[in-house]
Amino acid sequence: MSELFSSQRIQVLLPLPLSGVLDYLVMDDLPVCEGDFVTVPLSSREVQGVVWDSDPKSNDVPREKLKYVVRKSELPSLPKSLLKFVEWVAQYTLSPLGSVLKMALSVPRGSDKPKKKTLYKLSASLPEKLTEGRRRVSDAALSDMPLSVSDWCEIAAVSEGIVRGMIKAGMMTVVEVYGEEAFISPDIDLQRASLSKEQRDAADHINLQQKSDTYKCVLLEGVTGSGKTEVYFEAVAEALKDKTAQVLVLVPEIALTAQWLDRFEERFGSVPVIWHSEMTPAQRRRAWWATIRGEARVIVGARSALFLPLVNLKLVIVDEEHSQTFKQDEGVMYNGRDMAVVRAMQSHCTIILASATPSLETMINAENEKYDWLYLGERHGPAELPDMSCVDLRQHKLKSGSWISAPLKEELKENLARGEQSLLYLNRRGYAPLTLCRSCGHRMECPHCSAWLVEHHKFKKLECHHCGFNRRLPEECPGCAAKDSMVAVGPGVERVAEELQLLFPDARLAVMSSDEISSPKALKAMVDDIENHNVDFIVGTQIVTKGYHFPMLTLVGVIDADLGMSGADPRAAERTWQQLEQVAGRAGRAEHAGRVIFQTYAPDHPVLKAIVSGDKDMFLEQEAAEREAQNLPPYGKLASLILSGPDKNNIITVSKQLARVAPHHDNITVLGPVAAPLSYLRGNHRYRFLIKANANVKLQLEIRNWLDKLPKSRGVKIQIDIDPYSFY
Ligand code: ADP
Ligand code: ZN
C-alpha cells in the first residue's frame, strides 16, 4: 500500500445538484490547486469538476474508499474570486453548491480548449427558393459569422444532413480558424463627450472613488436622457487606464444592447465582449476564453455574466438597476443586481447602479448612506421633460371593442399630420388575453396551467404564456359546440395595432413585442426602421421601455395605466410607477417636446398622481412608509417556498407536514400553505408558503433548519426563493 503515501486527499466540486464536495485522491506528481479543472470517476462515468480544497481539514471518508483523480485539465484554473462568489451565492440562495458551480461553467463545451477548426458561413447569394430546413438555416444566420456544423444545427434546429447538404451545394463557404479570434481592446482616448457640469461632477466623484481600490456602491440616478450612460462611460475609461482591468456591465435584457453597442463602439472604437443566454456555443466559448485570459476588457451581458471567470474585476455597472429581469425565477433563484453588489464587494471595487427609477431598496440604501447618491436632474441639450396628463375613461367612454379614447385619437392624428412618431404602450402580448364562447361562456384555458390561452393573430393560434402550449382557434365552442361563437375579450398589442390601422389606414405601423422580435437581428432591423422614420406608430409591450432613444418620438399613449396596480405583489405599485415613468421617458428625447397621455379609470391613484404631477418623492415616501408598516423588504426579510408536483394530494400532505414544524417566534411568521395564484403550472400543482421575518433574523438558517425536519418526500419539488419578485 505504499502508493497511499504518495498521494493526497483533495475535495472536488462537481457541476451537479449536490450540496457538497466529494473527496478524491490525487498522486503527488500531479500537483493541483484550488480552481483547477480535474476529471474524476463518479459511479461508472467520468465527470469534470473543479478542485475546491486542495488540503482539506476533514477526512470523514476513509482513504481506502477514495478513488483517484483521472486527469488534470490544461484549462486555466478558475480565479479564486469566482470560487468565493459561487460559495456566497449558494449560501444566500440556499442552492446546492454544485448547481451554482454549474452556472459558472454553463457554457456547453464552452470551457473546452480552442482547437483548429473548420467553420462555415453562408454564401453571399442563395437561391430564391429554399427548402424549409435550408430556409431555417439562412434565417438563423447572425451577420456573416462562421460557425461549425454542429453550431449551425443547434441555432437553426436542423439535422446535420441539412447543413452538410448546403455545404455540398455550395451554399456555404469554408472558413478555417486557428484558435480564437481576439477581441479588440477599447481605445479610451478616442472620443470624449464634453460633459455638462452636472455630469462632470458625477463622473469626477466616481473616478475619485475608483482610485481608492475599495468597495463602494454608487447610485447614479438621473431622469431619462440626462446622460447616465455618458457618465458611466467615463468611469469605464478611468478603470481601463489600468492595462489589465476588467469591467462588467449588466443590462436587463440583451435587447437593450443594439443601440447601446453602437454608442459604446462610437466611444471606444470597438465592441465589447457580449454575454447572454442566446449566444451560440462558439460565441460563448470565445467570450469565456477571452475573459479568463484577461483579454476581455469590457463585458456587457445579462445577469449570468456575473459567473464569468473574471481575473481582474475593477468596475461593475448595473444599468436599469430597478429592472425585474435581473431576478432569476427558476433553478438558482438569485437577484443579479444584488449579487453584482456582492461581486464588487468581494473584488474590492466600485459598482455603479444606474436608473431613472431606482428601486426602493436602492433608494433606501442611498438614503442611509450605505451607497453614495449621485443625481442628474437635467436632460442633455434642448430636450425637455414631457408634458403628462390623464384621460379619465369614466368620462371619455370607450366604444365596445375599442381601446383608443377620443382625446388620444385626436392627439395621434395631429402628431401624424406633423410627421412625428407616436408610441402606444400596452404590456400585453398577443391579440386578446381571453377568448370565450358567447353562447355558453366557456373560456379557453390551458390544459396544463391554471391560465387563459392568449390569442395570437400572428401565429393564428391560442397560446399559454406560461408553458407554451398552443392550439388553433376552434371553429366551434369546445363547451357547447356552437358555431362561430368564440369572441376575443380585452386587448393585447396586436389588437391595438389593428384598431390603429383602421383609424389611420395609411400610417406605417410597427408592433414591438417579444413575439415580433425573435432575434437580435430582427430587433436591430426594427430599431433601425424606427430611427430612420419608416414608422409612424409603434405599439409596444414593456420591451420598448428599455432605454431606446428615438429622436422623432414625441407622443406616448398608455392604453391601460391601471394595469398592474393591484395584486399580491408588494412591489406592484412601485413597478407600475417604474414602468410608466420609463415609458414616459421615451417621449421627446431630442429637440421636439413630448407629451404623454395615460388612459385610466383611476386618475386619483397615488402612482398616477405622482407621475403626472412629477412628485416622485411623495410617492416613494408613501410607498416606503407602507412597506415599513408591513415589515416588507427592504425593512423586513421575505422568502417564499413553493411545493410542486403532479399529485395534488401528495403536495397537500407534504405542505401540511411542513406547516406543523414551521418556525414560529416573535421575529418570524410563516404564512400558508395556500394554493399558489397559478395553482397548476406545466402539469404540476403548486402550493406556497410566504416567510416574513425581521431584518435581524438569519432567514437562510431558519429555513434550512425547518426543511431539515421534513422527511425526504418523493414527487415533491421544493423551491426556495429568497427575496421573491414573483408571486404567482
Ligand atoms: P440616460 O442614460 O440618462 O438615459 P444618455 O446617456 O442615453 O442618457 O443620454 C441621452 C442622449 O443625450 C444620448 O443621445 C447622448 O448621446 C446624449 N448626451 C448626453 N450627455 C451628453 C454630452 N455630455 N455630450 C453629448 N451628448 C450627450
Ligand atoms: Zn400552460
Side-chain angles (χ1 to χ4, degrees), residues 191-204 219-237 249 251-252 256-268 317-323 352-358 374-386 430 433 443-454 456 461-471 527 531 545-553 578 581-592 594 644 676-686 728:
Q191 193 186 341
R192 225 153 250 255
S194 56
L195 300 184
S196 68
K197 164 99 177 45
E198 192 181 55
Q199 293 171 339
R200 184 76 264 157
D201 289 348
D204 286 348
L219 164 59
L220 178 59
E221 183 190 1
V223 294
T224 40
S226 59
K228 295 183 290 295
T229 316
E230 233 40 76
V231 168
Y232 73 63
F233 275 174
E234 286 309 294
V236 172
V249 186
V251 291
L256 172 102
T257 50
Q259 279 189 327
W260 193 95
L261 289 175
D262 287 348
R263 272 180 75 181
F264 186 94
E265 193 171 1
E266 248 171 59
R267 172 67 180 82
F268 294 104
I317 295 160
V318 182
D319 203 354
E320 312 283 352
E321 70 87 33
H322 62 277
S323 172
I352 303 171
L353 305 181
S355 175
T357 53
L374 302 174
Y375 183 74
L376 305 176
E378 298 154 16
R379 276 192 164 188
H380 177 75
E384 291 289 321
L385 283 174
R443 296 166 172 215
M444 298 302 292
E445 288 183 11
C446 176
H448 311 295
C449 307
S450 44
W452 296 337
L453 293 175
V454 179
H456 283 257
K461 271 183 186 151
L462 295 170
E463 190 193 79
C464 171
H465 283 178
H466 297 285
C467 73
F469 167 87
N470 60 67
R471 58 167 295 172
V527 169
E531 278 185 335
T545 63
K546 307 289 184 206
Y548 298 107
H549 180 63
F550 299 129
M552 287 306 287
L553 179 65
Q578 283 158 349
E581 184 99 354
Q582 294 277 349
V583 177
R586 297 308 121 216
R589 289 191 32 125
E591 296 75 37
H592 308 271
S644 63
L678 201 60
S679 59
Y680 190 51
L681 176 67
R682 297 186 193 103
N684 288 306
H685 296 275
R686 306 168 79 240
Y728 61 79

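Counting from 1, the numbers follow the sequence of the chain as shown. Start at 1 and go down the list; that is how both ligands and their atoms are numbered.
- Interface of L195 with ligand 1, defined as ligand atoms under 4.0 Å from a residue heavy atom, comprises 23 (N).
- Polar contact check, S226 against ligand 1: a nitrogen or oxygen pair lies under 3.5 Å apart.
- A distance-only check finds no donor-acceptor pair linking the side chain of R443 to the backbone of W452 [under 3.5 Å].
- Here the OG-CG distance, from S226 to L376, works out to 4.5 Å after rounding to the nearest 0.5 Å.
- Taking 4.0 Å as the cut-off, S194 counts as a neighbour of ligand 1 on heavy-atom distance.
- Listed for the S450 side chain is a donor-acceptor partner under 3.5 Å among the backbone atoms of S679.
- To the nearest 0.5 Å, atoms CG (D319) and CH2 (W260) are separated by 8.0 Å.
- Side-chain atoms of E230 never come within 3.5 Å of backbone atoms of L195 as a donor-acceptor pair (strictly under, hydrogens ignored).
- Atoms of ligand 1 lying under 4.0 Å from at least one heavy atom of T229, given by number and element, are 2 (O), 5 (P), 6 (O), 7 (O).
- For the Zn ion (ligand 2), the count of nearby protein N/O/S atoms, taking only those under 2.8 Å, is 4.
- If you number the atoms of ligand 1 from 1 as listed, the ones under 4.0 Å from a heavy atom of G227 come out as 1 (P), 3 (O), 5 (P), 6 (O), 8 (O), 9 (O), 19 (C).
- Residues that satisfy the salt bridge (Lys or Arg N to Asp or Glu O under 4.0 Å) test with E234, not counting sequence neighbours, are R192, R267.
- Among residues two or more places apart in sequence or in another chain, the salt bridge (Lys or Arg N to Asp or Glu O under 4.0 Å) test is passed with E378 by none.
- Annotation: the span from F264 atom CZ to T229 atom OG1 amounts to 12.0 Å, rounded to 0.5 Å.
- Looking at E378, R267, E230, R200 and measuring to atom 15 (C) of ligand 1, the nearest heavy atom belongs to E230.
- Residue contacts with ligand 1 include V223, since one of its heavy atoms falls under 4.0 Å from the ligand.
- A search for side chain to side chain contact (heavy atoms under 4.5 Å, CB included) contacts involving P433 returns R428, not counting sequence neighbours.
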